[in-house]
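Bear in mind the structure is a predicted one, so any value in this text is a computation, not a measurement. Here, residue 1 is the first one in the sequence, and each next residue gets the next number. In what follows, every heavy atom counts, from backbone to side chain, and hydrogens, waters and symmetry copies are set aside.
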Amino acid sequence: MTFDEFDAAAKALPGVTFDIKWGKDRVYSVGDKMFAVAGQLGEEAPRWCMKVSDASFEQLCEEGVAEPAPYLARNKWVLFRSADAIPADQLKAYLVNAHALIAAKLSKKARRELGML
């Protein structure tokens, strides 16, 4: 999946915002809470990093497809080992799930304001 395809898929999800954090990281958020990072500005190949379920965290790390994300592993975030570590359709499914996991933690008021209820 290219960065542009990832960007379009992420921005199509309800309530998503995109910004550059820490001067160089491409970050996707819902309700001001991060759910995915697409690497840093200036990198030729994107690096996919996102929140996953507990079971997916264990499976992806055990299979060697991903590794615990620096600084975020305790919250069950993974960093995929390469831009093409998994097929594009699976990456998109993980992206949708990451959004859902974070959105579920928002208050009902926040979800309503974002058009998610």
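For NZ of K11, the number of neighbouring non-hydrogen atoms (other residues, nucleotides, ligands) closer than 6.0 Å is greater than 12. Around CD of E44, the count of heavy atoms belonging to other residues, nucleotides or ligands within 6.0 Å does not exceed 12. Counting non-hydrogen atoms of other residues, nucleotides and ligands closer than 6.0 Å to CG of D32 gives a total of 12 or fewer.
Listed by first and then second residue, the ring pair (Phe, Tyr, Trp, His ring centres under 6.0 Å) pairs involving residues 50-69 amount to none (not counting sequence neighbours). For residues 94-117, the set of pairs meeting the side-chain hydrogen bond (donor to acceptor under 3.5 Å, both in side chains) definition, not counting sequence neighbours, is empty.
Remark: side-chain polar atoms of W48 are not paired, donor with acceptor, to backbone N or O of L79 under 3.5 angstrom. Under a 3.5 Å cut-off, the side chain of E43 and the backbone N or O of Q40 do form a donor-acceptor pair. Checking side-chain atoms of K51 against main-chain N and O of N75 turns up a donor-acceptor pair under 3.5 Å. The backbone N or O of P87 sits nowhere less than 3.5 Å from a side-chain atom of Q90 that would complete a donor-acceptor pair.
The closest side-chain heavy-atom distance from V78 to E67 is not below 4.5 Å. Looking only at side-chain heavy atoms (C-beta outward), L41 and I20 come within less than 4.5 Å of each other.
With 3.5 Å as the limit, one finds no donor-acceptor pair spanning the side chains of D4 and T2.
One finds the SG atom of C61 at 8.0 Å from the CZ atom of R81 (value rounded to the nearest 0.5 Å). If you take CG on L101 and CE on M50, they are separated by 11.5 Å, rounding to the nearest 0.5 Å.
Aromatic ring pairs are classed by plane angle as parallel below 30°, tilted from 30° to 60° and perpendicular above 60°; the pair F3 and Y28 is tilted.
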